[in-house]
Structures are given as C-alpha cells and as structure tokens.
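These notes are about the structure you will find just below.
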Amino acid sequence: MDSYTAVDLRKELDDLQKQRSYKIVVNLSNVEYINSTAVGALVGTAKQVRRRDGDLKVYGLADNLKRTFDLVGASKVVELYKSEAEAISSF
C-alpha cells in the first residue's frame with residue numbers, strides 16, 4: 001500500500017462509515033508494504049469511528065509492517081491482532 005492505493009483504502013473506509021459501519025476490521029495479511037500515507041488513513045478512520053462508539057482493528061501484519069506501524073506511532077492508536085477472530089472478539 002502506497003500513496004496511490006491509500007486513496008482507494010480511504011474511499012473504502014469512508015464508504016463503510018457512510019453505511020454506518022463503525023466497527024471495522026482490516027486484514028493486512030496479503031500486504032507486503034505499507035507507507036505512512038496508508039497507515040495515516042487507518043489511523044484517521046480509527047479516530048473517526050471512535051467518535052461514534054466504534055473502533056478499527058487491524059490483523060495479519062507481517063513483521064516489517066508492524067515495524068512501520070511502530071515507527072510512525074500508529075500502533076499506539078490502532079489495535080493490532082494476529083488473527084481475525086482475535087480482532088473481532090476484542091469489540
């Protein structure tokens with residue numbers, strides 16, 4: 001996920017909110033790279049849905065993606081899980 005695909009990610013996340021879906025789980029298990037723009041889209045959405053008593057959870061991060069989340073401070077804002085089941089049960 002880079003700056004170009006972050007636009008698509010943001011659109012999908014915005015569409016979910018327009019449908020009043022405020023409990024969002026994002027699977028990143030097939031993502032090999034993520035930049036700060038895409039991470040920012042996830043963090044921004046997490047903050048938005050929390051204002052509506054929701055949350056955004058992320059799972060399936062490879063170690064290099066986790067390092068990116070840690071580096072930009074996103075792992076302090078977005079909850080990270082190993083599996084979909086763990087992410088869903090955390091709501």
Side-chain angles (χ1 to χ4, degrees):
M1 288 186 169
D2 57 19
S3 299
Y4 298 106
T5 56
V7 173
D8 295 332
L9 173 63
R10 172 60 78 181
K11 183 183 178 324
E12 289 295 323
L13 294 170
D14 288 346
D15 287 348
L16 287 171
Q17 291 182 73
K18 287 176 187 172
Q19 298 170 25
R20 294 195 161 108
S21 297
Y22 304 126
K23 293 183 178 179
I24 301 170
V25 175
V26 178
N27 176 359
L28 295 181
S29 62
N30 290 323
V31 175
E32 296 176 9
Y33 169 81
I34 191 166
N35 74 2
S36 60
T37 304
V39 173
L42 294 168
V43 168
T45 299
K47 290 178 179 180
Q48 289 173 345
V49 296
R50 286 179 186 150
R51 289 191 287 262
R52 296 178 175 97
D53 295 321
D55 207 350
L56 180 138
K57 318 284 179 148
V58 173
Y59 77 94
L61 279 83
D63 289 340
N64 64 317
L65 297 184
K66 173 121 177 36
R67 281 191 294 278
T68 301
F69 271 72
D70 291 342
L71 182 67
V72 299
S75 55
K76 294 179 182 176
V77 179
V78 176
E79 295 177 40
L80 307 175
Y81 295 89
K82 293 184 189 269
S83 72
E84 180 180 27
E86 289 174 338
I88 290 171
S89 68
S90 70
F91 281 109

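No experiment lies behind these values; they were computed from the predicted model shown. Counting from 1, the numbers follow the sequence of the chain as shown.
At least one donor-acceptor pair closer than 3.5 Å links the side chain of Asn64 to the backbone N or O of Glu32. No side-chain donor-acceptor contact under 3.5 Å links Asp14 to the backbone of Gln17. Checking side-chain atoms of Thr45 against main-chain N and O of Leu42 turns up no donor-acceptor pair under 3.5 Å.
The shortest non-hydrogen separation linking Met1 to Ala38 is CB-CB, 3.7 Å. Closest non-hydrogen pair, Glu86 versus Lys82, comes out as OE1-N, 3.2 Å.
Contact of the Arg10 side chain with the Thr37 side chain is not registered, since no non-hydrogen atoms from C-beta on lie closer than 4.5 Å. Contact check for Leu13 versus Leu56: side-chain heavy atoms found under the 4.5 Å cut-off. Tyr59 places a side-chain heavy atom less than 4.5 Å from the side chain of Asn27.
Cluster annotation: Leu65 is not connected to Tyr81 through the hydrophobic network of ILVMFWY side chains, with a link wherever side-chain heavy atoms come within less than 4.5 Å. Residues Ile34 and Leu80 are members of one and the same hydrophobic cluster, defined by side-chain heavy-atom contacts under 4.5 angstrom among Ile, Leu, Val, Met, Phe, Trp and Tyr. There is a path of hydrophobic side-chain contacts, each under 4.5 Å, that joins Val49 to Val77. In the hydrophobic clustering of ILVMFWY residues, with side-chain heavy atoms under 4.5 Å counting as a link, Tyr22 and Phe91 come out apart. Hydrophobic clustering keeps Val25 apart from Val39 (ILVMFWY residues linked when any side-chain heavy atoms are closer than 4.5 Å, directly or through intermediates).
For the atom pair CG (Leu16) and CD (Gln48), the distance works out to 11.5 Å, reported to the nearest 0.5 Å. Atom-to-atom distance recorded for Ser90:OG and Lys57:NZ is 3.0 Å, nearest 0.5 angstrom.
A salt bridge links Lys11 with Asp15; the closest basic N to acidic carboxylate O contact falls under 4.0 Å.
For the side chain to side chain contact (heavy atoms under 4.5 Å, CB included) test with Ser21, the passing option among Gln19, Lys18, Lys23 is Gln19; the others fail.
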